[in-house]
Structures are given as C-alpha cells and as structure tokens.
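See structure below.
These numbers come from the heavy atoms of this one structure, side chains and all, not from hydrogens, waters or symmetry mates.
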Amino acid sequence: MARRKRRRQQSSSARTLNWVLGIVLLAFVGYHYLPNIPLSPTNDNPPAPQSKHPEELEKFFQGLQLKKGDEWTTHEEIGRYLSSPDKLKQIDTKNLSQIPASKIPGDYSYFIKEALPTYLASGARAAIKYTDDKTLFSAPAGEKYESFAFFNRNKLPVQRISSALPLQQSDHRLIMTATYTSPYGMPTGLCISGGKVINPFLQKWDGMILIQNGKIRLAHIDQLPLPFSQIDIKRDYNHYKAFLEMATTSQMTVLQSHLLVDRGKVAVGGNSSARKMRRRVIFQTKDQGLHIYDSMDDLLSLKECAEILVNQYKANVAINLDMGGYNFFTHIKKNGQTEDLSELFQGVILSNLLVIDY
C-alpha cells in the first residue's frame with residue numbers, strides 16, 4: 001500500500017516536471033523562431049498629433065482684459081511670436097475660431113479673423129527647400145547664408161579668382177557668374193558694389209539683384225525699395241538719382257539682368273524658334289527662400305525655363321544668370337573638395353561673380 005502511494009507521488013511529480021519542461025520549451029521556441037509576434041498589441045498607425053491650440057494669443061487677450069498695466073511689454077512679446085514662422089507652425093487656422101469672439105477686442109478683430117488666417121493659408125508656415133539634382137542651392141527663409149559680389153577690376157583669369165576672394169569660413173562656398181560681361185570687360189546694366197557705382201548705364205532689363213548685409217533680394221525694377229515712395233528709375237531721373245543715393249548710403253550691391261518670373265507669373269515672351277541653351281537662374285519663393293536652378297543637360301529658351309520655375313519650383317521672382325561661354329560655377333567645401341560645373345570660352349575674363357557661403 002505504501003509502495004503504491006509512493007508510485008502515485010512519483011508519477012504525479014513526473015507529470016508536473018514534464019508540464020514545466022513543456023512550457024519552457026514552448027517559450028524557447030517562441031522566442032527564437034517567432035520574433036515578429038508582438039508580446040502585446042501595437043498600433044502601426046498612431047494618431048497624428050493634433051494641432052496646438054493658439055494659447056499664446058489667448059493669454060495675450062486675457063491679459064488685455066485684466067488690464068495689468070503691462071500692455072507695452074505684452075504687445076512686444078506677441079509681436080515676436082507672430083513674426084516667427086516656427087511659432088506660426090503651432091497655429092491651425094481652424095483653431096483660431098476656438099478663441100471666443102468676446103475675448104477679442106474690436107481693435108484686434110481684423111487681424112485675428114482675416115489677416116492671420118490669410119497668412120497661414122498663403123503659406124506663412126511653408127518653408128521650401130529643394131534637394132533635386134538641378135537645384136544647386138536652396139535656403140528656406142531664415143536659413144543662414146552670407147553672400148557678396150566680386151567685381152573683377154584687375155581682370156584676373158578665372159583660375160585666380162578663388163584665391164582673390166576673402167578667406168572661406170563656412171562649410172560650403174558657391175562661386176558663379178552673375179550678370180553679363182560687356183565687350184569692354186564691364187558688368188552690363190546698372191551695377192553698384194557696396195554703395196559704389198560701378199556702371200551707371202541702366203539696361204532695359206527688369207530683373208534686379210540686391211545684396212545688403214549678406215542677404216540677397218530679387219526685385220522687379222519698378223518695385224525697388226525706396227522708403228515711402230514708389231519709384232520709376234527707368235523713366236524718372238529724380239527717382240534714378242534717389243535710388244543711387246539710397247544704394248550708396250546703405251552700401252548696397254546691385255546687379256541687373258533679365259527677369260524671368262515676376263510675382264509668380266512668367267515674365268518673358270518667346271516662341272519655338274527662341275534660342276535654347278543651358279540655363280542657370282536665381283529665384284525666390286513666396287516664403288522669401290533663395291534658390292539656384294541649373295537646367296544641366298536640358299537646353300531651354302528663357303520662356304521654357306521660366307515656365308519650369310513657376311510650375312515645378314513655385315518661383316515668385318526669378319532672374320537669369322549669364323551662361324554660355326561665360327558659365328563659371330564652382331562649389332568649394334571646407335575640406336578642400338570642389339565641384340566644377342563651368343563651361344568657359346578659352347581665355348574669357350569675367351567681370352563679376354556672385355558668392356554664397358553657407
């Protein structure tokens with residue numbers, strides 16, 4: 001009887017041991033051979049984060065209602081907030097309606113209900129950066145770069161131009177032909193270097209490249225920046241004189257060339273028989289980003305190039321850069337590596353170059 005009891009106990013112990021070993025074996029097989037089975041349910045498509053509520057605006061209006069006496073300070077703070085594209089990314093147009101109308105004083109209603117939604121809808125938060133093979137440079141608004149023009153007064157050959165420039169401090173330096181060179185070795189069209197008039201002879205072209213404090217601005221010749229005045233330097237001598245004086249005082253650099261795109265529309269005509277060649281163009285998008293396009297192996301008329309910039313690159317203003325046998329372009333990296341896209345006539349002397357450090 002005692003033996004049978006011990007046998008039952010041994011048999012029960014054996015069954016328990018076999019059961020435990022079986023669980024361990026299953027766990028081992030599952031761990032090593034089924035690694036993709038999740039241990040707990042997962043969500044492959046988590047919900048997108050919701051747009052942030054415009055809390056800064058609400059706090060501003062709440063502060064106005066409380067009349068704390070710090071209105072000057074709070075207006076300066078909200079001004080910095082509204083002038084930052086990164087901050088505006090936090091605002092969804094739909095969420096503006098969540099601010100109760102009773103909290104928005106009448107003096108601020110137009111801006112909140114009409115102006116700000118228009119800014120957001122027109123791309124106030126859309127920073128454009130192109131990375132395709134035909135974009136040689138792309139700097140969204142706010143991205144750091146420094147630019148200046150080099151004028152080849154001493155008629156240096158292209159091989160010596162790089163060494164004549166200020167020492168490169170940035171990781172990248174682009175050097176390229178800017179506007180056209182006349183048969184007399186001068187930049188063609190109105191040309192000003194840091195406030196010094198190099199060539200006063202205005203051309204009929206509408207494209208103006210303006211450089212001030214290291215930043216480039218592109219403009220139609222009828223939309224040049226002269227405080228409190230709309231100027232016409234093509235037809236009014238007083239306006240022409242005033243612009244030269246302003247450029248001199250502000251140490252501005254000015255170059256003139258063909259305008260291809262103006263306010264988002266093609267600004268150059270042409271037909272099927274127009275000259276086709278490789279094109280390089282500097283252009284700005286609505287966000288004030290600066291970009292440089294090169295058609296590479298595609299031979300285009302000016303009109304065809306303008307159409308590509310408008311339709312594919314959302315160009316707002318675009319100005320042609322000199323090419324053909326005057327095509328100079330080199331990309332110098334800080335580590336000494338260079339990329340050369342130049343195609344120059346033998347012995348050509350360039351009168352002017354655009355330099356961008358970034």
Straight-line distance of Phe61 CZ to Thr74 OG1, nearest 0.5 Å: 10.5 Å
Can Tyr293 and Asp132 be counted as having a side-chain donor-acceptor contact under 3.5 angstrom? no
Taking every non-hydrogen atom, the tightest pair across Glu304 and Leu299: OE1-O, 4.2 Å
Point-to-point distance, once rounded to the nearest 0.5 Å, from OG1 of Thr135 to OH of Tyr313: 4.5 Å
For Gly195, is there any backbone N or O sitting under 3.5 Å from a side-chain donor or acceptor partner on Thr248? yes
How about Arg173 and His331: do any of their side-chain heavy atoms sit closer than 4.5 Å? no
Closest non-hydrogen atom pair between Ser301 and Ala274, with its separation: CB-CB, 3.9 Å
Are Ile356 and Leu218 connected into the same hydrophobic cluster when the rule is that any two of I, L, V, M, F, W, Y join if their side-chain heavy atoms are below 4.5 Å apart? yes
Between Leu344 and Tyr326, what is the shortest heavy-atom contact and its length? CD2-C, 3.7 Å
Identify the heavy atoms of Ile349 and Pro157 that sit nearest to each other, and give their distance. CD1-CA, 3.9 Å
Just by modelled atom types, is the Ile319 backbone N or O under 3.5 Å from a matching donor or acceptor in the Ser257 side chain? no
Is any side-chain heavy atom of Arg235 closer than 4.5 Å to one of Asp222? yes
Classify the ring geometry between Tyr358 and His172 as parallel (under 30°), tilted (30 to 60°) or perpendicular (over 60°). parallel
Taking Ser295 for its side chain and Asp298 for its backbone only, find out whether a donor-acceptor pair lies under 3.5 Å. yes
Is the backbone of Arg278 close enough, under 3.5 Å, to the side chain of Glu343 for a donor and an acceptor to pair up by distance? no
Min side-chain heavy-atom separation Ile91-Tyr81 under 4.5 Å: yes
Judged by atom type as modelled, is there a donor-acceptor pair below 3.5 Å linking the side chain of Gln256 to the main-chain atoms of Leu190? yes
Can you find a side-chain donor-acceptor pair between Thr285 and His291 that sits under 3.5 Å? yes
Report, as yes or no, whether the 6.0 Å neighbourhood of atom NZ on Lys234 holds more than 12 heavy atoms from other residues, nucleotides or ligands. yes
Is the ring pair Tyr108/His75 parallel, tilted or perpendicular, if the boundaries are 30 and 60 degrees? tilted
For Glu146 and Ser170, run side-chain contact (heavy atoms from CB on, under 4.5 Å): C-alpha distance rounded to whole Å, both residues' side-chain angles, the deciding distance at 0.1 Å, then the answer. CA-CA 9 Å; Glu146 291 290 328; Ser170 60; over 6 Å; no
A side-chain contact here means heavy atoms from C-beta on lying under 4.5 Å apart; do Gln312 and Tyr130 qualify? no
Distance, nearest 0.5 Å, that separates NZ of Lys276 from CG of Leu300: 7.5 Å
Please examine the side chains of Ile128 and Lys286, heavy atoms only from C-beta on, and report whether any two atoms are closer than 4.5 Å. no
Looking at Phe201, I'd like to know if its CZ atom is crowded, meaning that more than 12 non-hydrogen atoms belonging to other residues, nucleotides or ligands lie closer than 6.0 Å. no
Would one find more than 12 heavy atoms of other residues, nucleotides or ligands at under 6.0 Å from atom CD of Gln251? no
Is it the case that the side chain of Thr249 and the backbone of Met246 share a donor-acceptor pair, with hydrogens and angles ignored and the cut-off at 3.5 Å? no
Do Trp205 and Leu259 land in one hydrophobic cluster if side-chain heavy atoms of ILVMFWY residues count as linked below 4.5 Å? no
Group every Ile, Leu, Val, Met, Phe, Trp and Tyr by side-chain heavy-atom contacts under 4.5 Å, then state whether Ile211 and Tyr145 land in the same group. yes
Pairing residues for Lys113 by the side-chain hydrogen bond (donor to acceptor under 3.5 Å, both in side chains) criterion, not counting sequence neighbours: none
Determine whether Phe283 and Val261 make a side-chain contact, defined as any pair of heavy atoms from C-beta on separated by less than 4.5 Å. no
Are any side-chain N or O atoms of Asn327 and backbone N or O atoms of Ser342, one a donor and one an acceptor, separated by less than 3.5 Å? no
Under 4.5 Å between any side-chain heavy atoms of Gln168 and Ile332, yes or no? yes
Are the side chain of Asp236 and the backbone N or O of His239 linked by a donor-acceptor pair below 3.5 Å? yes
Can you tell if the side chain of Leu350 reaches within under 4.5 Å of the side chain of Val158, non-hydrogen atoms only? yes
Same apolar cluster: Leu309 and Ile209, side chain cutoff 4.5 Å: no
Can you tell me how far the CD1 atom of Ile233 sits from the CG atom of Leu202, to the nearest 0.5 Å? 5.0 Å
What verdict does the side-chain contact (heavy atoms from CB on, under 4.5 Å) test give for Leu165 and Phe148, after you've listed the backbone C-alpha separation in whole Å, the side-chain angles of each residue and the deciding distance to 0.1 Å? CA-CA 10 Å; Leu165 298 175; Phe148 62 93; 4.1 Å; yes
Kindly work out whether a path of hydrophobic side-chain contacts (I/L/V/M/F/W/Y, heavy atoms less than 4.5 Å apart) joins Phe151 to Ile282. yes
Could you tell me the separation between the CZ atom of Arg217 and the CG atom of Leu290, rounded to the nearest 0.5 Å? 13.0 Å
What closest approach, in Å, do Asp133 and Met296 show between heavy atoms, and which atom pair accounts for it? O-CE, 3.7 Å
Pick from Leu255, Leu224, Thr253, Ile216: which one makes a side-chain contact (heavy atoms from CB on, under 4.5 Å) with Leu210? Leu224
Checking the side chain of Lys129 only, and the main-chain atoms of Ser138 only, is there a donor and an acceptor separated by less than 3.5 Å? yes
Heavy atoms only: give me the nearest Val317-Arg263 pair and the separation to one decimal. CG2-N, 4.4 Å
Taking atom CG as the centre, does Asp340 end up with more than 12 heavy-atom neighbours from other residues, nucleotides or ligands that are less than 6.0 angstrom away? yes
Where do Asp206 and Asp262 land on the side-chain contact (heavy atoms from CB on, under 4.5 Å) test, with the steps shown first? CA-CA 9 Å; Asp206 288 334; Asp262 179 33; over 6 Å; no
Mark yes or no for whether Asn352, through its side chain, and Thr179, through its backbone, hold a donor-acceptor pair below 3.5 Å. yes
Determine whether more than 12 heavy atoms belonging to other residues, nucleotides or ligands lie under 6.0 Å from atom NZ of Lys215. yes
Met323/Thr177 under side-chain contact (heavy atoms from CB on, under 4.5 Å): CA gap, chis, key distance, verdict: CA-CA 8 Å; Met323 290 289 280; Thr177 312; over 6 Å; no
Say you draw a straight line from CZ of Arg160 to CG of Asn152; how long is it, rounded to the nearest 0.5 Å? 9.5 Å
